[in-house]
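Values below: all heavy atoms of this structure, side chains included; hydrogens, waters and symmetry mates excluded. Lettering of chains follows the sequences in order, A, B, ..., and the numbering in each one begins at 1.
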Protein chains: 2
Amino acid sequence: MVTIRQAEAAKLSELPSAFSFGPLELRPSEGFASASAIALQLSVREFGLLMEPARNDGRIVRREELYAAVWGEPLRQGDRTVGVYVRRLRVKLSQALPTWSFIHTHVGFGYRFAPANQFEAGDAAPKRAF
Amino acid sequence: MVTIRQAEAAKLSELPSAFSFGPLELRPSEGFASASAIALQLSVREFGLLMEPARNDGRIVRREELYAAVWGEPLRQGDRTVGVYVRRLRVKLSQALPTWSFIHTHVGFGYRFAPANQFEAGDAAPKRAF
DNA sequence: CTGAGAGGTGAAGCGACTGTGAACGAGTGG
DNA sequence: CCACTCGTTCACAGTCGCTTCACCTCTCAG
């Protein structure tokens, strides 16, 4: 079985050393994430999830795909882990940036990672985009 | 019994990764549909129906065939589900593109999927074709 | 015109899916 | 040994959309 460290290390090489995601600044190589200069305290899994925008730019990603990318193994039937981590990420991100939303649910499909500021309506991505 | 997720995943592999349908842009692999840069909010079933043009280019399709393609099982006697979803699709599409029509009824036969703009009469498909 | 059949429409029940809070155990550092 | 963090799992609650139903409209044959 693959350890967290190994799985994460394997992924890092495929990612850019740094990129921005809306108001967030992410540096995979350092395991660092900040929101408007406020450093975020993320766990390894949470950080792995936040790397998703670097892998797929704004498209809708299935849970299976997300899990495979972060955990390095196929998602098992009935496994709710992805949902739990999405929630934790949402909590931390909304604490740092209350007016922003980053992870959008697509029922029966998966999630779409896209920054959206509720005070700048009409600009960014819609909640549902099938 | 087959879950929605499984049925949907099975279909995706048979479709092109992206195609256009009149002013619509569709990406089956991402569960994404947009109308003139406006992202459409479709459910899994609605999206499955909109994939029809990728399977049959412009010909009239029987309800039985449509149901089998999207639901993955034969249509039962008296089942009106296809009609309900056609209506929902029409509503959403007409909201996004009021001057366009995409799904044309052929009484006693089925539906024909073809983009038609009412402001460009003479060019595109007639409402009834027999 | 009238009736029958086909399709359109609106609403509602129910099950599937997702969100949420909490508990447990493994791992780590003091 | 304890305190802490994090990953994982579970049960429950809330939401969403699939399906079904009843009723209406349209079309056409006679």
Side-chain angles (χ1 to χ4, degrees), chain A residues 1-8 31 40-50 60-64 66-67 70-95 101-112 127-130, chain B residues 1-9 31 40-50 60-64 66-67 70-95 101-112 126-130:
Chain A
M1 182 171 171
V2 185
T3 68
I4 296 171
R5 272 304 113 84
Q6 289 170 333
E8 192 63 15
L40 297 172
Q41 309 254 339
L42 305 180
S43 74
V44 174
R45 296 298 196 214
E46 289 162 358
F47 193 80
L49 268 187
L50 245 198
I60 305 170
V61 187
R62 293 179 173 281
R63 278 181 187 68
E64 293 81 355
L66 217 39
Y67 192 89
V70 178
W71 277 258
E73 49 183 297
L75 181 64
R76 284 150 300 179
Q77 266 282 351
D79 193 325
R80 312 266 301 100
T81 303
V82 172
V84 173
Y85 275 90
V86 164
R87 173 181 151 250
R88 290 183 180 159
L89 246 188
R90 280 172 168 164
V91 168
K92 290 190 177 179
L93 291 176
S94 70
Q95 284 175 346
S101 61
F102 296 90
I103 311 176
H104 313 277
T105 304
H106 291 254
V107 177
F109 219 92
Y111 299 97
R112 189 171 54 85
K127 303 266 183 187
R128 298 289 171 89
F130 272 81
Chain B
M1 181 174 171
V2 184
T3 67
I4 296 173
R5 181 126 333 152
Q6 289 169 333
E8 191 64 14
L40 297 172
Q41 307 185 9
L42 306 181
S43 75
V44 174
R45 296 295 195 219
E46 290 161 357
F47 192 80
L49 267 188
L50 245 198
I60 305 173
V61 186
R62 294 185 172 279
R63 264 165 253 281
E64 293 80 359
L66 219 38
Y67 191 89
V70 177
W71 276 258
E73 48 185 297
L75 181 64
R76 284 150 300 180
Q77 267 285 349
D79 192 326
R80 313 264 297 99
T81 303
V82 173
V84 173
Y85 275 90
V86 164
R87 172 183 151 248
R88 290 184 183 153
L89 248 187
R90 281 172 168 163
V91 168
K92 291 190 177 180
L93 291 175
S94 69
Q95 284 176 344
S101 60
F102 296 90
I103 310 176
H104 313 278
T105 304
H106 291 254
V107 178
F109 284 87
Y111 299 97
R112 190 171 52 85
K127 302 265 182 184
R128 297 292 169 91
F130 70 111

* Considering only heavy atoms from C-beta outward, does the side chain of Thr105(A) approach that of Tyr111(A) to under 4.5 Å? -> yes

* Evaluate the side-chain proximity of Lys92(A) to Leu40(A): yes if any heavy-atom separation is below 4.5 Å, no if none is. => no

* Asked: Considering only heavy atoms, which members of residues 78-92 of chain B lie under 4.0 Å from some atom of DNA chain C?
  -> Arg80(B), Arg87(B), Arg88(B), Arg90(B)

* Ignoring backbone atoms, establish whether Tyr111(A) has a side-chain N or O less than 4.0 Å from OP1 or OP2 of dG19(C). => yes

* Any side-chain N or O of Trp71(B) less than 4.0 Å from the OP1 or OP2 oxygen of dT19(D)? -> yes

Rounding to a whole Å, what distance do you find between [X]:[atom1] and [N]:[atom2]?
{"X": "Arg62(B)", "N": "dG7(C)", "atom1": "CZ", "atom2": "P", "value": "10 Å"}
{"X": "Phe109(B)", "N": "dC28(D)", "atom1": "CZ", "atom2": "P", "value": "12 Å"}
{"X": "His104(B)", "N": "dG7(C)", "atom1": "NE2", "atom2": "P", "value": "16 Å"}
{"X": "Phe47(B)", "N": "dG17(D)", "atom1": "CZ", "atom2": "P", "value": "15 Å"}
{"X": "Arg45(A)", "N": "dG27(C)", "atom1": "CZ", "atom2": "P", "value": "13 Å"}
{"X": "Leu42(B)", "N": "dG17(D)", "atom1": "CG", "atom2": "P", "value": "11 Å"}
{"X": "Leu40(B)", "N": "dG17(D)", "atom1": "CG", "atom2": "P", "value": "14 Å"}
{"X": "Arg63(A)", "N": "dG19(C)", "atom1": "CZ", "atom2": "C1'", "value": "10 Å"}

Nearest to side-chain heavy atoms of [X], which nucleotide of [options]:
{"X": "Arg76(A)", "options": "dC18(D), dG7(D), dT9(D)", "value": "dT9(D)"}
{"X": "Ser43(A)", "options": "dT9(D), dT18(C), dC6(D)", "value": "dC6(D)"}
{"X": "Val107(A)", "options": "dC16(D), dG19(C), dT8(D)", "value": "dC16(D)"}

To the nearest 0.5 Å, what is the distance between [atom1] on [X] and [atom2] on [Y]?
{"X": "Arg87(A)", "Y": "Glu46(A)", "atom1": "CZ", "atom2": "CD", "value": "10.5 Å"}
{"X": "Ile103(A)", "Y": "Leu89(A)", "atom1": "CD1", "atom2": "CG", "value": "4.5 Å"}
{"X": "Ile60(A)", "Y": "His104(A)", "atom1": "CD1", "atom2": "NE2", "value": "10.5 Å"}

* Assess whether side chain to side chain donor-acceptor pair (under 3.5 Å) is satisfied between Arg62(A) and Tyr67(A), documenting all intermediate values. => CA-CA 9 Å; Arg62(A) 293 179 173 281; Tyr67(A) 192 89; over 6 Å; no

* Asked: Are the side chain of Arg112(A) and the backbone of His106(A) linked by a donor-acceptor contact shorter than 3.5 Å?
  -> no

